[in-house]
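Heads up: the structure comes next, in structure tokens.
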Amino acid sequence: MPRRAVVIGAGLAGMLAAAALAGAADEVVVLDADALPDGPEHRKGLPQGRHAHILMAGGLAAMEELVPGAGVRKRLLAAGAHELSLGRDMVVLTPEGWFRRWRHEGPALLACTRALLDWTVRDAVVTQAPVRVEVRPGTRVAGLLGGAGRVTGVRFHDSGDTRAGGGGGGEDRELAADFVVDASGRGSRVTHWLAALGVTGVRERTVDTGLVNATRLYRAPEGAGRFPVTVVQADPYVGRPGRSGMILPVEDGRWMVSLAGTRGAEPPGDVDGFLRYAMELADPLVGRFVARAEPLTDVWISRSTHNHRRYLEKVRDWPEGLVVLGDALAMYNPAYGQGMSVAALGARLLAQEVGRAGGGLGSAGLAARVQRGVVPWVDAAWSAAVGQDVWYPQTRGARPTPVDRLVTAYSRRLTKAATGAHGAAAALWEVTSLLAPPTRLFTPGTLLTAALGPLLPPQAGAPLTAAERSLLAP
């Protein structure tokens with residue numbers, strides 16, 4: 001019988017999971033409730049889609065492995081994405097001071113709109129996969145088939161309409177599968193689906209700062225050229241709500257300007273308030289830049305920003321034939337920029353485990369191995385996000401523990417060292433880029449660098465070139 005894999009969700013995590021399964025299945029069917037545009041356009045089912053996204057080096061490397069021959073990086077750069085160095089092409093004000101820009105470049109990142117990234121990956125997977133990958137929009141999954149021991153397919157409503165979940169018509173259908181991946185994102189109902197099969201007791205946790213994102217697109221000023229990613233970070237350690245801002249160069253000569261504030265310091269949605277908020281950050285750099293840029297859109301607001309985790313790896317008898325990846329497994333405050341890369345690393349692990357199983361989707365224990373195997377990356381991103389979010393005074397779901405206080409004291413010391421010591425900065429780059437596990441921060445060399453502190457004096461202001469300074473509003 002032909003081997004069929006079903007993926008729930010046609011976002012980034014879902015399409016990468018489809019690529020991971022394409023080498024083992026005879027067909028891959030991807031179901032998504034949303035309308036799917038025929039180009040790099042925003043879609044309703046991606047609540048954070050209009051805001052800033054950064055693809056870290058670890059995530060990009062995983063994507064390149066999953067879609068060989070498609071050249072995801074090459075396609076994105078051809079479409080106008082920017083490849084920037086963490087060490088050279090970022091201007092960042094941290095709570096411990098300005099990071100320097102080093103001649104040693106450090107890992108790269110890709111900056112573009114989420115719409116371009118999703119479209120590029122979806123098109124690459126559909127056109128380059130070794131087997132047929134069918135994407136069906138307007139199909140809303142309602143449950144899983146099978147039992148507590150094995151998942152054998154999905155139940156879904158096929159609206160027969162590709163408009164954002166379809167209309168009121170359509171029919172309920174079932175689709176048998178040898179393997180199912182839930183990559184349906186923040187709205188996943190996998191816990192309810194599992195309970196209907198008899199799999200209960202899934203532990204979940206939510207940590208919510210009440211963060212609100214506000215984003216506006218601008219035409220970059222003439223002469224902006226290769227503009228750096230510019231970030232004024234929030235300070236979670238001063239006992240006040242956090243405020244941050246970012247300029248992200250994206251395709252078509254535009255800047256994506258994202259402001260963010262935790263509960264009690266939410267950025268406004270009106271255009272005058274948006275600029276005023278940017279000017280009132282810890283440094284007015286972002287506001288001074290955008291005051292010179294031509295606005296192209298209104299302000300977009302999003303509130304779907306909480307951290308939420310499902311500890312599925314702790315389920316005692318995990319059902320065969322089901323894996324949960326991406327935001328359906330764990331979602332993070334988007335301010336920390338690691339969700340896409342964790343999803344890509346999870347899909348790569350799925351491909352590796354399927355390969356070790358000889359391509360057998362029914363291999364005993366395959367799903368459980370994948371579900372446990374993604375934990376180190378999920379843990380790293382979760383700790384990075386929650387470890388800072390717990391310090392905001394209005395955070396719900398967690399308060400700092402004694403362990404948090406110890407880890408934070410060391411993290412702040414290392415960040416301070418990174419403002420003037422290349423070794424400390426390099427360690428942070430590698431971990432942030434998901435090229436190295438968090439243990440990289442505790443190697444003897446890094447511990448020594450943190451103990452010595454910054455070797456160079458602090459920056460008096462933003463480390464801008466003369467050409468970049470010329471873009472500042474008078």
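Everything numeric in this text was worked out from a predicted model, so none of it was measured.
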Spell out, as yes or no, whether a donor-acceptor pair under 3.5 Å connects the side chain of [X] to the backbone of [Y].
X	Y	answer
D32	P137	no
D182	V324	no
H82	V250	yes
E64	V72	yes
S85	G87	yes
T120	L116	yes

From [X] [atom1] over to [Y] [atom2], what is the distance, rounded to the nearest 0.5 angstrom?
X	Y	atom1	atom2	value
L86	M56	CG	CE	6.0 Å
C112	L248	SG	CG	8.0 Å
D283	T230	CG	OG1	10.5 Å
R263	T305	CZ	OG1	8.5 Å
T262	L211	OG1	CG	7.0 Å
F227	L471	CZ	CG	6.0 Å

Could you tell me whether [X] and [Y] make a salt bridge, using a distance below 4.0 angstrom between a side-chain N and a carboxylate O?
X	Y	result
R413	E96	no
D34	K44	no
E430	R440	yes
D272	R276	no
R254	E251	yes
E41	R43	no
R226	E83	no

**Message:** One pair to check against side-chain contact (heavy atoms from CB on, under 4.5 Å): R309 and Y311. What are the steps and the verdict?
**Reply:** CA-CA 6 Å; R309 183 170 177 185; Y311 292 85; 3.5 Å; yes
**Asked** Is it the case that more than 12 heavy atoms not belonging to R469 sit under 6.0 Å from its CZ atom?
**Response** yes
**Asked** Is the count of non-hydrogen atoms from other residues, nucleotides or ligands lying under 6.0 Å from R240 atom CZ greater than 12?
**Response** no
Are [X] and [Y] packed together at the side-chain level, in the sense that at least one heavy-atom pair is separated by less than 4.5 angstrom?
X	Y	result
M340	R114	yes
R219	W255	no
S383	P438	no
M331	R186	yes
T215	V257	no
S302	V212	no
V390	P400	yes
L117	L76	yes

**Request:** With side-chain contact (heavy atoms from CB on, under 4.5 Å) as the test, would you mind laying out the steps for Q371 and V323 before giving the verdict?
**Result:** CA-CA 6 Å; Q371 211 63 70; V323 161; 4.0 Å; yes
**Request:** Test salt bridge (Lys or Arg N to Asp or Glu O under 4.0 Å) on R292 and E222 and set out the steps.
**Result:** CA-CA 10 Å; R292 285 280 302 275; E222 185 177 351; over 6 Å; no
Indicate whether the side chain of [X] and that of [Y] have a donor and an acceptor atom separated by less than 3.5 Å.
X	Y	answer
T206	D208	no
T446	T443	yes
D389	T395	no

**Message:** Using the rule side-chain contact (heavy atoms from CB on, under 4.5 Å), only one of V370, L349, L21 pairs with V354; which is it?
**Reply:** L21
**Item:** Candidates L312, V342, L329, D379 - the one meeting side-chain contact (heavy atoms from CB on, under 4.5 Å) with V374
**Value:** L329
**Prompt:** So which of T209, T408, D235 actually passes side-chain hydrogen bond (donor to acceptor under 3.5 Å, both in side chains) with W391?
**Reply:** T408
**Request:** Would you mind telling me which of H51, Q48, E266 makes a side-chain hydrogen bond (donor to acceptor under 3.5 Å, both in side chains) with N213?
**Result:** Q48
**Prompt:** For the rings on F442 and Y410, is their centre-to-centre separation under 6.0 Å?
**Reply:** yes
**Message:** Using ring centroids (six-membered ring only for Trp), state whether H422 and W429 fall under 6.0 Å.
**Reply:** yes
**Request:** Show your working on side-chain contact (heavy atoms from CB on, under 4.5 Å) between L93 and F99 and close with a plain yes or no.
**Result:** CA-CA 6 Å; L93 176 60; F99 277 156; over 6 Å; no
**Request:** In sequence, state the C-alpha distance, the side-chain angles, and the governing distance for R75 and D123, and then conclude on salt bridge (Lys or Arg N to Asp or Glu O under 4.0 Å).
**Result:** CA-CA 10 Å; R75 288 184 179 214; D123 183 64; 2.9 Å; yes
**Message:** Walk me through whether R412 and Y237 qualify under side-chain contact (heavy atoms from CB on, under 4.5 Å).
**Reply:** CA-CA 10 Å; R412 295 188 68 181; Y237 312 119; 3.4 Å; yes
**Prompt:** Under the salt bridge (Lys or Arg N to Asp or Glu O under 4.0 Å) criterion, do E313 and R372 qualify, and how do the steps go?
**Reply:** CA-CA 5 Å; E313 75 279 4; R372 291 193 301 266; over 6 Å; no
